[in-house]
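Shown next, in structure tokens, is the structure this report addresses.
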Amino acid sequence: MEQIFSKYQPVALSLFRFITGLMLFQFGVAKILKIPAESPFAKVELMSLYGAAGMIELTLGGLLILGLFTQPVAFILSGEMAFAYFISHAPRSFFPVVNNGSLAIALCFACLYLATAGGGPISLDAMLRKKG
């Protein structure tokens, strides 16, 4: 069964990178651009810890969507998500299901994987490698 689906692995990696970037980008859009207006981040101040996180998520999430500088960007985002978990979620409870930190943990390890695997064949990184 493995051989049937393994040929799709490179494209699945690119899709995984794109969706992971989109997930992070949406938080940056909510925190910095205030879209949608009814988001829980509507009152985030730019010069705050949440504002800094929003700038990282907006900028680096966008780079992840494009697949540009995927490995260093994903490594930084992995660290940001670990930081977010321990600063915002862990103090509420030890259990992620109680402290609402499951998404931060999942994004942390998704980015850690991308930092090692790269962006896949459908990325600006791959396009630049072909030109160079």
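Along the sequence shown, residues are numbered consecutively beginning with 1. Quantities reported herein were computed from a predicted structural model and do not represent experimental measurements.
Looking at every heavy atom in both residues, Ala115 comes nearest to Ala74 through N-CB, 3.6 Å. Counting all heavy atoms, side chain and backbone alike, Ala42 lies closest to Ala37 at CB-O, 3.3 Å. Considering every non-hydrogen atom in both Val44 and Gly51, the closest pair reads CG1-N, 3.5 Å. In terms of heavy-atom proximity, Ala53 sits nearest to Glu80 at CB-OE2, 3.2 Å. Considering all non-hydrogen atoms of both residues, Thr20 and Cys111 come closest at CG2-SG, 4.0 Å. What you find for Gly67 and Ser123 is that their closest heavy atoms are O-CB, 3.6 Å.
Both Phe69 and Met127 are assigned to one and the same hydrophobic cluster, defined by single-linkage of ILVMFWY side chains at heavy-atom distances under 4.5 Å. There is a path of hydrophobic side-chain contacts, each under 4.5 Å, that joins Tyr113 to Met23. Cluster membership for Leu22 and Ile56, using ILVMFWY side-chain heavy atoms within less than 4.5 angstrom, is shared. Under the 4.5 Å side-chain contact rule for hydrophobic residues, Met55 and Leu77 share a cluster. Following chains of ILVMFWY side-chain contacts shorter than 4.5 Å, one cannot reach Leu124 starting from Val11, and the two form parts of different hydrophobic clusters.
By the 4.5 Å heavy-atom criterion applied to side chains, Val73 and Leu114 are not counted as neighbours. Inter-residue side-chain proximity for Leu49 and Phe83 is flagged as met; some heavy-atom pair is nearer than 4.5 Å. Within the 4.5 Å cutoff, the side chain of Leu24 has heavy atoms near those of the Met81 side chain.
Between the side chain of Ser14 and the main chain of Gly119, a donor-acceptor pair closer than 3.5 Å is present. In this structure, Asp125 contributes its side chain and Thr70 its backbone to a donor-acceptor pair below 3.5 Å. Counting only distance, with no hydrogens or angles, the side chain of Lys31 and the backbone of Ala52 share no donor-acceptor pair below 3.5 Å.
Taking the six-membered ring where tryptophan is involved, the planes of Tyr50 and Phe41 are tilted, since the angle between them lies from 30° to 60°. Using cut-offs of 30° and 60° on the angle between ring planes, the pair His89 and Tyr85 is parallel.
Between the CZ atom in Phe27 and the CG atom in Leu103 there is a gap of 5.0 Å [rounded to 0.5 Å]. Phe94 CZ to Asn99 CG: the interatomic distance, rounded to the nearest 0.5 Å, is 10.0 Å.
Within a 6.0 Å sphere centred on CZ of Phe16, other residues, nucleotides and ligands contribute more than 12 heavy atoms.
With Phe18 as reference, Ile65 is the one residue of Ile122, Leu66, Ile65 to meet the side-chain contact (heavy atoms from CB on, under 4.5 Å) rule.
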